[in-house]
J.: 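Can you read through this structure? Questions will come right after.
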Amino acid sequence: MVVKTLIKQSFVSIKQTFNRFISILVIVLLGVGFFTGIRETSPNMKDSLDAYFKKENVYDISLMSTWGITNDEINDLKNKGYNVEGAYSFDTLIHIDDDYVAKVHSYDKNATMNKLIVTEGRLPQSNNECVIEKNKDVGHYKLGDKITIDDDILKEKELTIVGFVKSPLYVSLERGSTKLLNGKVNFYMYSLITNFDSDVFHLAYIDLNTDDSTFSDKYISLRDSEVKKLESISDEYRDKRFNDEKNDALKELNDNIDKYNKEKKDAYKKLDDAETKINKNEKTLNSNLTKLNNNEKKAKETFKTKKQEIETNKKKVNDGITTLKKNITYLESVGGDTTALKVQLSALETNLKKLNDGYNTLLKQEKSTYKEISSARTKINNGKKQIEKARKELENNRKKADKEFADAYKKIEDARKEIDELEKPEWYILDLDSNVGYYSFTQDSERINKLAKVFPLLFYIVAVLVSLTTMTRMVEEERGELGTLKSLGYNDNQILFKYIIYALLATTIGSVLGVIIGSNTIPSIIYGMYSLMYTLGDFVNGFDTSSALIGSLIAIGCILLSTYLAVKKSLKEVPAELLRPKSPVAGKRVLLERIPFIWKHLS
């Protein structure tokens, strides 16, 4: 009966002081709402990102090597039980109205990881097609436009835009760093994997095939253990690849050395053979020249002798003709017989004619002989010129060969030095924390989580102060009622129960409303704000029972404590004092009264 009466009085007090009741309810609502909402925001943000990654099947671990990743290594990882996919990625300069840096990725229609989200158009189906993201740097591009990429790694360099996409690899607005231009990547794009001309993959993605949240301890433990296994595996790949590359390089070097020695030997043999031939030809020409000179000298002597013989014979014949003519003239003058002399004269004239003809023939023979000698000399001189030309050409070829073989030897030595200085490739085993967007979003959610530990505290402090003030004022206003209750025999706990019911109702209703409103509004609002800075999926609004209970219990505890303190102070007085109005607080001197110089002038 007593409890029922006190409860009834509590509801009467609520009706009479409804505004005061609402003030406590609202401040509790705000405190619990912010506490619950902000505490749920971080887990909800992580759950939303995890759901987005699970939907698009984002990789768990990525592999990179300074020497690239071979198809044999990919197959070996598959044989070890890993769900792994090779991929290509490189940075390139693209000129639009200005120079921009694009991150070009490979798109494999058979891939199961890192699925693209088409926002417009379609995915590429041939090597001369591509898809790009849409942002302010490439906002003027539309479907059907062409992008030219001048890089030998692509088979087709002029690509037609067939779609616009979002990639789960890029959660934040940051596109990563690059060594090109100002070090910033402006946008990303995808081309068919068959359009890439490379013997090795640039990176590989691994899916751990787990349904655990990427933020859970179980997932992190699994991921870290797999990273350690992959580090051990990568060490094996590194050593094997290094040894294979070095052995191949040494084999190629030895083959080049053998080729160098053979070609050098063959080349210098040809040069020596050519020099021997030139010397032989020169010796032959000199021998022929000597013979020609001897023949010329002999011909001169022969023609000189024959000319002298003919001249001598002509002189004798002319002398005989002169003598016969004198004798014939004399005989004719004395009437002698000149017949025999005329016969002799005719014979001598005939001989003279033969001698003249023989002389002319000799002159012709001399001229012909000298012409042949001159022609032979010209041929010999031309041969000498050709020999000099051939010798000069041989000298140039020898110098050229010396330079070429010296250069070839330097290349061999450089190759030998490169092999000696060859370092093992570096492997990088990276988890999602290496993804800029994932890491930034995780850090932001952690900041929200830290804020959830401090920010609601302000509301709880205000709630305590408000409730303490409100309940103190309420108790003071109901001093007479407290005195009457005590006079009627109600004990302190029974009277306290009335005000506890009052505060508990306000706090409970405020806590329930705060949990409902806070958990359904604050996380989605904060997530929406972060969606302006990140490319995210749909919001996952999960309810955290522990946050709701903790927030509500803290609020109820604080308000009930402040109520207890406010009521307990008045309950220490006796009923007679409670039935009288409370004495006013004694006045105190103000600060100015303590400064006589100022106070005297004021008074």
J.: Heavy-atom count around N209 CG within 6.0 Å, excluding the residue itself: above 12?
T.: yes

J.: Does the side chain of Y190 come under 3.5 Å of the side chain of S167 through a donor N or O and an acceptor N or O?
T.: yes

J.: So, taking the atom named OG in S65 and the one named NZ in K424, what distance separates them when rounded to the nearest 0.5 Å?
T.: 13.0 Å

J.: Which atom names give the shortest non-hydrogen contact between P425 and F242, and what distance separates them?
T.: CD-CB, 4.2 Å

J.: Do you know which of V131, L123, V118, L143 makes side-chain contact (heavy atoms from CB on, under 4.5 Å) with V162?
T.: V131

J.: For the NZ atom on K54, are there more than 12 heavy atoms of other groups (residues, nucleotides or ligands in this structure) within a distance under 6.0 Å?
T.: yes

J.: Between F441 and K46, what is the shortest heavy-atom contact and its length?
T.: CE2-N, 4.5 Å

J.: Would L49 and Y534 count as a side chain to side chain contact (heavy atoms under 4.5 Å, CB included) if you check the C-alpha gap in whole Å, the side-chain angles of each, and the deciding distance to 0.1 Å?
T.: CA-CA 10 Å; L49 183 62; Y534 294 91; over 6 Å; no

J.: Is it the case that the side chain of T521 and the backbone of I517 share a donor-acceptor pair, with hydrogens and angles ignored and the cut-off at 3.5 Å?
T.: yes

J.: List the steps, then state whether salt bridge (Lys or Arg N to Asp or Glu O under 4.0 Å) holds for R238 with D235.
T.: CA-CA 5 Å; R238 179 185 61 189; D235 288 342; 3.4 Å; yes

J.: Would you say I94 and V101 make side-chain contact, with heavy atoms under 4.5 Å?
T.: no

J.: Under 4.0 Å between a side-chain nitrogen and a carboxylate oxygen: does that hold for D224 and K228?
T.: no

J.: At what distance, to the nearest 0.5 angstrom, does CZ of F34 lie from CZ of R39?
T.: 16.0 Å

J.: For N520, which of V515, N541, T36 qualifies under side-chain contact (heavy atoms from CB on, under 4.5 Å)?
T.: N541

J.: Working note: N127 + T194, criterion side chain to side chain donor-acceptor pair (under 3.5 Å); need CA distance, chi angles, decisive distance, verdict.
T.: CA-CA 7 Å; N127 286 351; T194 54; 2.6 Å; yes

J.: With side chain to side chain contact (heavy atoms under 4.5 Å, CB included) as the test, would you mind laying out the steps for L513 and L25 before giving the verdict?
T.: CA-CA 9 Å; L513 293 175; L25 186 150; 4.1 Å; yes

J.: Quick one, Y438 and V58 - any side-chain contact, counting heavy atoms below 4.5 Å?
T.: no

J.: Do D414 and K410 pass the salt bridge (Lys or Arg N to Asp or Glu O under 4.0 Å) test, and can you show the C-alpha distance, the side-chain angles, and the key distance before you say yes or no?
T.: CA-CA 6 Å; D414 290 343; K410 185 177 182 302; 3.2 Å; yes

J.: Can a salt bridge be assigned to the pair D145 and K142 using a cut-off of 4.0 Å between side-chain N and carboxylate O?
T.: yes

J.: A side-chain contact here means heavy atoms from C-beta on lying under 4.5 Å apart; do H202 and I153 qualify?
T.: yes

J.: Taking CG in D199 as the centre, count heavy atoms belonging to other residues, nucleotides or ligands within less than 6.0 Å. Is the count above 12?
T.: no

J.: With a 3.5 Å distance limit and no angle check, can you tell me whether D60 reaches the backbone of D431 through a side-chain donor-acceptor pair?
T.: no

J.: Counting only heavy atoms from other residues, nucleotides and ligands, does the tally under 6.0 Å from CG of D217 exceed 12?
T.: no

J.: Taking 4.0 angstrom as the limit, do K403 and D407 come out as a salt bridge?
T.: yes

J.: Please tell me whether F201 and Y88 form a close aromatic pair, meaning their ring centres lie under 6.0 Å apart.
T.: yes

J.: Side chains of T70 and I74: closer than 4.5 Å at any heavy-atom pair?
T.: no

J.: Looking at F164, is K134 sitting on its ring face, NZ or CZ under 6.0 Å from the six-membered ring centre and within 45 degrees of the normal?
T.: yes

J.: Quick one: are Y141 and I147 in side-chain contact, heavy atoms under 4.5 Å?
T.: yes

J.: Taking side chain as C-beta onward, heavy atoms only, is Y170 less than 4.5 Å from R175?
T.: yes

J.: Ignoring hydrogens, what is the shortest heavy-atom contact between R223 and I61? Give both atom names and the distance.
T.: O-CD1, 4.1 Å

J.: Are the side chain of S48 and the backbone N or O of V540 linked by a donor-acceptor pair below 3.5 Å?
T.: yes

J.: Please report the interatomic distance CG(D50) to CZ(F215), rounded to the nearest 0.5 Å.
T.: 6.5 Å

J.: Could you give the distance from OG1 (T41) to CZ (R447), rounded to the nearest 0.5 Å?
T.: 15.0 Å

J.: Look at the side chain of K115 and the backbone N and O of T112, then say whether any donor-acceptor pair between them is shorter than 3.5 Å.
T.: no

J.: I'd like to know whether NZ of K184 has more than 12 heavy-atom contacts from other residues, nucleotides or ligands below 6.0 angstrom.
T.: no

J.: Is there a side-chain contact between V165 and I132 (heavy atoms, below 4.5 Å)?
T.: no

J.: Apply side chain to side chain donor-acceptor pair (under 3.5 Å) to residues E85 and Y59 and explain how you reach the verdict.
T.: CA-CA 10 Å; E85 294 173 352; Y59 72 94; over 6 Å; no

J.: Do other residues, nucleotides or ligands put more than 12 heavy atoms under 6.0 Å from the CD atom of E413?
T.: yes

J.: Heavy atoms only: give me the nearest V200-G68 pair and the separation to one decimal.
T.: CG2-CA, 3.9 Å

J.: Does some side-chain heavy atom of I117 sit less than 4.5 Å from a side-chain heavy atom of Y52?
T.: yes

J.: Do side-chain atoms of E133 reach the backbone of Y188 as a donor and acceptor pair under 3.5 angstrom?
T.: yes

J.: Look up atom CD in E129 and atom NZ in K146, then write down how far apart they are to the nearest 0.5 Å.
T.: 9.5 Å

J.: Take N44 and Y527 through the test side chain to side chain contact (heavy atoms under 4.5 Å, CB included) and record every step on the way to the result.
T.: CA-CA 9 Å; N44 287 351; Y527 187 81; over 6 Å; no

J.: Salt bridge check: are D420 and R416 linked by an N-O gap of less than 4.0 Å?
T.: no

J.: Please check if the side chain of S440 supplies one atom and the backbone of G437 the other of a donor-acceptor pair under 3.5 Å.
T.: no

J.: Show the numbers, then the answer: is there a side chain to side chain donor-acceptor pair (under 3.5 Å) between N195 and S191?
T.: CA-CA 7 Å; N195 192 34; S191 177; 3.2 Å; yes

J.: For the atom pair NZ (K155) and CG (L192), what is the distance rounded to the nearest 0.5 Å?
T.: 10.5 Å

J.: Write down the atom of I220, the atom of T214, and the distance for their closest heavy-atom approach.
T.: CG1-O, 4.2 Å

J.: Closest heavy-atom contact between S42 and E446?
T.: OG-N, 4.3 Å

